[in-house]
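To start, the structure under review is shown below, and the notes come after it.
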Amino acid sequence: ILFIILSIVLIFNFSFKSTNAQERDVVQIGVIGTMRGDYIGAFSLIWANTVESDFKSELSFPMQGMKFKNGFLYVLDTSYGRIHVLDKNLKHIKVIGELGYGEGKLQYPSDIDVDNLGNIYVADFFNNYVVKFSPNGDVLLQFGEEGNDNGKFNGPSGIAVSQDGKIYVSDQLNSRIQVFDSDGKFLNLIKKDEIGNPQGLAIDEDGFLWVVDAKSCKVFKLNKDGEILSSFGGKGGGDNQFVYPFDVEVTDNYFYVVDR
């Protein structure tokens, strides 16, 4: 599938005033092309359309954000800070969210999960917070900020919601997983020496937590107490090896691991 990168191109005409501040009059003289509302920029991302000022956008790339739940496919549009909702036939239904910071806005959404009621949970890597949306796109909850204290994040890169409403978040650059209740209140930490770079998360039907670790290139199975039960994978390009794994999904006793 070929996706053409064409958002909005504005043509400006610059004129200069001879003042001490060197003020410039900017006059728009035309528009070339418009971005369709159902355009998913992350699929063809060259650089992130981000408002972050201290990060080189050419180092950005689409993250793992895709979830099939309740008959809908939810796709994070990393480069435009929004969520696309498609039906099972990949017909575009709607867009949720907008680019920015605060008030539920998204800057670099990295992972997504959806509960049985259709509520949408998004981990935002650059904004260092989690946003919960209603099925209609209303912001229900936002929690977190940049830092390394409990309840704060440094690059949240994975999220999973359990049947009892607990929210698990991979705090990637702090090398830990944080657990919150349904209201976003911090509950506890999961921090293991074996898991130095946690990314994508998944919770299976038995309530076990599966964690992708990009540092060891392994996938770990944890119980509800955060203890490691088993793991598989390793560094390399052969079978059962990964170069840079960053997401996992578990369904019907099969494991799907995305290896960048």
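In this chain, residues are counted from 1 in sequence order. Owing to the predicted nature of the structure, the values given are computational and were not obtained by experimental measurement.
Shown here are the ring-ring contact (aromatic ring centres under 6.0 Å, His included) partners of F242, two or more places apart in sequence or in another chain: there are none. Applying the ring-ring contact (aromatic ring centres under 6.0 Å, His included) test to F232 and every residue at least two apart in sequence or in another chain returns F255. Every residue two or more places apart in sequence or in another chain was checked for a salt bridge (Lys or Arg N to Asp or Glu O under 4.0 Å) with D206, and none qualifies. For the salt bridge (Lys or Arg N to Asp or Glu O under 4.0 Å) test, residues two or more places apart in sequence or in another chain that qualify with D164 are K166. Checked against salt bridge (Lys or Arg N to Asp or Glu O under 4.0 Å), D113 has the following partners two or more places apart in sequence or in another chain: K67. For D213, the salt bridge (Lys or Arg N to Asp or Glu O under 4.0 Å) criterion is met by no residue, not counting sequence neighbours. With sequence neighbours excluded, the residues satisfying side chain to side chain contact (heavy atoms under 4.5 Å, CB included) with I228 are K192, E194, I195, F220, L222. K69 pairs by the side-chain hydrogen bond (donor to acceptor under 3.5 Å, both in side chains) definition with N116, not counting sequence neighbours. Legend: residues meeting side chain to side chain contact (heavy atoms under 4.5 Å, CB included) with V212, ordered by chain and number and at least two apart, are V219, P245, V248.
By the rule that hydrophobic residues join a cluster once side-chain heavy atoms approach within less than 4.5 Å of another member, L117 and F133 end up as members of separate clusters. Hydrophobic clustering places V161 together with L189 (ILVMFWY residues linked when any side-chain heavy atoms are closer than 4.5 Å, directly or through intermediates). Taking hydrophobic clusters as Ile, Leu, Val, Met, Phe, Trp and Tyr residues chained together by side-chain heavy-atom distances below 4.5 Å, V257 does not share a cluster with M66. By the criterion of side-chain heavy atoms lying less than 4.5 angstrom apart, applied directly or through intervening Ile, Leu, Val, Met, Phe, Trp or Tyr residues, I190 is not grouped with F208; the two fall into different hydrophobic clusters. The cluster map of Ile, Leu, Val, Met, Phe, Trp and Tyr, joined by side-chain heavy atoms under 4.5 Å apart, puts L201 and L187 in the same cluster.
Proximity of I120 to F72: side-chain heavy atoms (C-beta onward) are nowhere separated by under 4.5 Å. Using a 4.5 Å heavy-atom threshold, the side chains of I159 and V122 count as separate.
Remark: the backbone N or O of Y254 is not paired with any side-chain donor or acceptor of D252 at under 3.5 angstrom. Proximity of a side-chain donor or acceptor of D259 to a complementary backbone N or O of V243 within less than 3.5 Å is detected. Within the 3.5 Å criterion, the main-chain N or O of G151 finds a donor-acceptor partner in the side chain of Q178. Remark: the backbone N or O of D225 is paired with a side-chain donor or acceptor of N223 at under 3.5 angstrom. Here the side chain of S110 pairs a donor or acceptor atom with the backbone of A123 at under 3.5 angstrom.
One side chain, Y129 or N127, offers a donor N or O that lies under 3.5 Å from an acceptor on the other.
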| task | Go through Q199 and D247 one step at a time and tell me if the side chain to side chain donor-acceptor pair (under 3.5 Å) criterion holds. | result | CA-CA 7 Å; Q199 301 226 7; D247 201 12; over 6 Å; no
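Heavy-atom minimum distance, G81 versus P109: CA-CD, 4.0 Å. Listed here is the closest heavy atom pair of G196 and P198: C-CD, 3.7 Å.
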Going by atom type alone, with no hydrogens or angles, which donor-acceptor pairs under 3.5 Å involve a side-chain atom of residues 140-148 and a protein atom two or more places apart or on another chain?
from: Q142; atom 1: OE1; to: E103; atom 2: N; distance (Å): 3.4
from: Q142; atom 1: OE1; to: G104; atom 2: N; distance (Å): 2.7

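For residues 167-183, the set of pairs meeting the salt bridge (Lys or Arg N to Asp or Glu O under 4.0 Å) definition, not counting sequence neighbours, comprises D171-R176. Listed by first and then second residue, the salt bridge (Lys or Arg N to Asp or Glu O under 4.0 Å) pairs involving residues 115-134 amount to none (not counting sequence neighbours).
Within a 6.0 Å radius of NZ in K94, other residues, nucleotides and ligands contribute more than 12 heavy atoms.
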